[in-house]
Amino acid sequence: MWLRLFSPFLMFPLVLSCTSSDPTPSTPRPGPWHVALDLGSTTLPFTFILEQLPDSALRIHIQNGAEVIVVDDVEHFGDSIEVRMPLFDSEFKGRKDGDGRITGYWFNYLKGPDHKVPFTALAGDFPRFPVASPARMDPSGTWEVHFSPNTADSYPAIGLFEQQNDGRVTGTFITETGDYRFLEGSVSGDSLRLSCFDGSHAFLFAALWRGDSLKGSFRSGNHWEEPWVAIRNPQFELRNPDSLTYLREGYDMVDFRFPSIDGGLVSPNDPPFKGSVRVVQIMGSWCPNCVDETRLLNEIYDKHHADGLQVMSVAFERYQDTVRAMEGLRRFRDVLDVRYPILYGGMAGKGEAAERLPFLNHVMSYPTIIIIDHNGRVRRIRTGIYGPSTGSHYERHKRSLEVFVKNLLQEAVQAVQVAK
């Protein structure tokens, strides 16, 4: 989704601190924990459940609304603890203060080996955001949203919020390049606050209810902040995702040849793929929206590969080192159990992607998918994805994509029958 966001794998086994020579760890307290990332002028909270396994290993379940991220790579030694995220090049390094408090840093290695955000984690079932006064509004419903309004950088979005029976608020923002993940928060008085943390994103949304509008700010980690405004509007729509990216004049097909993470150069027009219905995904392993789409494409590929469907991904990565990028993509494949080819297109960025894929008018978003029929004609190009956090929007997209693929597969069968 985001060209300005983060990226993949490969952890550096450093030790933040270990003031004790005792190799026997004092296990942090199992149960719920509350984490606050220190963004300087404010904090970004999220919660997790710490589970102690029968072999004394630890497992963490990070919670964002309906999303649960399971983290198995948890190490503790003396008073030190390290938590490595399963997909993205991100980890926590901290020091335990008894069994109920951990302080340290969240490292996002793709921004550099020293890019870090301080955090404090407290054991206990604390609310994600404190509620100081009864809610004076219910944000449930659909909102017309504008980020960075009245500027050259302004862009529209759809806000989807739902107030739960326990007072929590969940939801997301849909933009023309994807969604802002599973958000969770609450209303206190006339103040709405939402956040999420998934190992790549650290998002914080805050807004005040003013008249019939929400006026707020959006923080992405400690490096990005912009204003946003919203009004209720259940009829508001974004541009059709199938209209935003298209073949440039003079091109009528997709053609490229990139190195595969398994070796060799691969093209969608090679004999194993030519004559088949093909889906080409433009993505990056650093992009959580690409993770959502990869899981969906994996599912559709499993259902329809035997019928002639071929899928391949072209990845544009954040690492300048090609070897490291390839290693990260192999980890991405293994963690998600991707069963179709993944190719390395080069460095992530609008300019390089456009240069490597000159048949497209632009690469507006990661992910983007190109659907090609058995004759090699491009039949559909979809920019971005409305992921699982968007609820019914995701379910409609999922049904639409599968029906479209099935129709193209049926066309291919009919063409063979006519040829006979």
Side-chain angles (χ1 to χ4, degrees), residues 240-248 251-262 264-283 289-316 329 333 336-345 353 356-361 363-387 394-420:
N240 185 345
D242 291 357
S243 71
L244 303 177
T245 307
Y246 51 84
L247 291 181
R248 292 175 58 191
Y251 292 87
D252 59 3
M253 64 180 297
V254 169
D255 192 17
F256 55 76
R257 187 172 295 278
F258 294 128
S260 165
I261 63 173
D262 295 313
L265 298 174
V266 175
S267 166
N269 298 311
D270 287 343
F273 310 107
K274 195 168 185 178
S276 300
V277 175
R278 284 152 279 179
V279 177
V280 175
Q281 179 198 37
I282 303 167
M283 52 77 74
N289 286 157
C290 298
V291 173
D292 291 339
E293 186 175 77
T294 297
R295 289 188 171 119
L296 175 57
L297 291 179
N298 234 3
E299 181 181 334
I300 293 175
Y301 179 79
D302 283 349
K303 287 183 181 179
H304 300 292
H305 177 56
D307 302 323
L309 175 66
Q310 299 284 355
V311 178
M312 67 175 58
S313 292
V314 179
F316 290 88
L329 286 170
R333 175 198 58 196
L336 295 179
D337 192 23
V338 179
R339 290 176 285 280
Y340 50 79
I342 299 178
L343 316 181
Y344 174 60
R356 296 280 183 134
L357 305 171
F359 47 85
L360 295 178
N361 66 318
V363 176
M364 179 178 174
S365 171
Y366 297 114
T368 293
I369 56 170
I370 306 168
I371 305 178
I372 305 164
D373 68 16
H374 67 284
N375 289 317
R377 295 176 300 172
V378 174
R379 299 287 291 272
R380 184 178 182 184
I381 303 178
R382 182 180 176 96
T383 300
I385 180 175
Y386 300 167
Y394 173 71
E395 294 301 326
R396 284 196 297 272
H397 167 59
K398 182 177 177 181
R399 289 193 299 269
S400 170
L401 180 59
E402 185 162 10
V403 167
F404 195 85
V405 166
K406 289 171 68 175
N407 287 341
L408 291 187
L409 291 170
Q410 185 59 38
E411 284 184 17
V413 170
Q414 292 171 350
V416 170
Q417 293 173 344
V418 170
K420 291 179 179 179

Approximate separation, where rounding is to 0.5 Å, of [X] [atom1] and [Y] [atom2]:
X    : Y    : atom1 : atom2 : value
L357 : D255 : CG    : CG    : 11.0 Å
M364 : T368 : CE    : OG1   : 9.0 Å
R382 : Q281 : CZ    : CD    : 13.0 Å
S313 : I282 : OG    : CD1   : 10.0 Å
I372 : L408 : CD1   : CG    : 10.5 Å
T294 : M283 : OG1   : CE    : 4.5 Å

Pair [X], [Y]: side-chain N/O donor-acceptor within cut-off below 3.5 Å:
X    : Y    : result
T383 : T245 : yes
N298 : D337 : no
N269 : R278 : yes

Query raised in the report: For L409 and H304, what are the C-alpha separation, side-chain angles and deciding distance, and is it a side chain to side chain contact (heavy atoms under 4.5 Å, CB included)?
Result: CA-CA 9 Å; L409 291 170; H304 300 292; 3.8 Å; yes

Would you call [X] and [Y] a salt bridge, using N to O less than 4.0 angstrom?
X    : Y    : answer
E299 : K303 : yes
R379 : E411 : yes
D307 : K406 : no

Test item: [X] side-chain N/O and [Y] main-chain N/O as donor-acceptor pair under 3.5 Å:
X    : Y    : answer
S400 : R396 : no
D270 : P272 : no
D373 : N375 : yes
N361 : Y246 : yes
R356 : G345 : yes

Requested in this report: Quick one: list whatever passes ring pair (Phe, Tyr, Trp, His ring centres under 6.0 Å) with Y301, sequence neighbours left out.
Outcome: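 Result, ring pair (Phe, Tyr, Trp, His ring centres under 6.0 Å) vs Y301: H305, Y340.
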
Query raised in the report: Who are the ring pair (Phe, Tyr, Trp, His ring centres under 6.0 Å) partners of F258, not counting sequence neighbours?
Result: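 By the ring pair (Phe, Tyr, Trp, His ring centres under 6.0 Å) rule, F258 matches F256.
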
Is there a side-chain contact between [X] and [Y] in this structure, where contact means two heavy atoms from C-beta onward sitting under 4.5 Å apart?
X    : Y    : result
R257 : V266 : no
I369 : L297 : yes
I300 : V279 : no

Restricting to non-hydrogen atoms, name the atom on [X] and the atom on [Y] that form the minimum distance, rounded to 0.1 Å.
X    : Y    : value
C290 : P367 : SG-N, 3.6 Å
G384 : S365 : CA-OG, 3.6 Å
Y386 : P241 : OH-CG, 3.8 Å
M312 : L343 : SD-CD1, 4.0 Å
D292 : G387 : OD2-CA, 4.1 Å
F273 : P341 : CZ-CG, 4.1 Å

Requested in this report: Would you check, one step at a time, whether the test side chain to side chain contact (heavy atoms under 4.5 Å, CB included) holds for R377 with D252?
Outcome: CA-CA 7 Å; R377 295 176 300 172; D252 59 3; over 6 Å; no

Query - R248 to F359 six-membered ring, cation-pi geometry met (6.0 Å, 45°) - result: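 Checked: cation-pi criterion not met.
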
Query raised in the report: Can V311 and V280 be said to form a side chain to side chain contact (heavy atoms under 4.5 Å, CB included), step by step?
Result: CA-CA 6 Å; V311 178; V280 175; over 6 Å; no

Requested in this report: Using the side chain to side chain contact (heavy atoms under 4.5 Å, CB included) rule, take I381 and D242 through it: C-alpha gap first, then chi angles, then the decisive distance, then the call.
Outcome: CA-CA 6 Å; I381 303 178; D242 291 357; over 6 Å; no

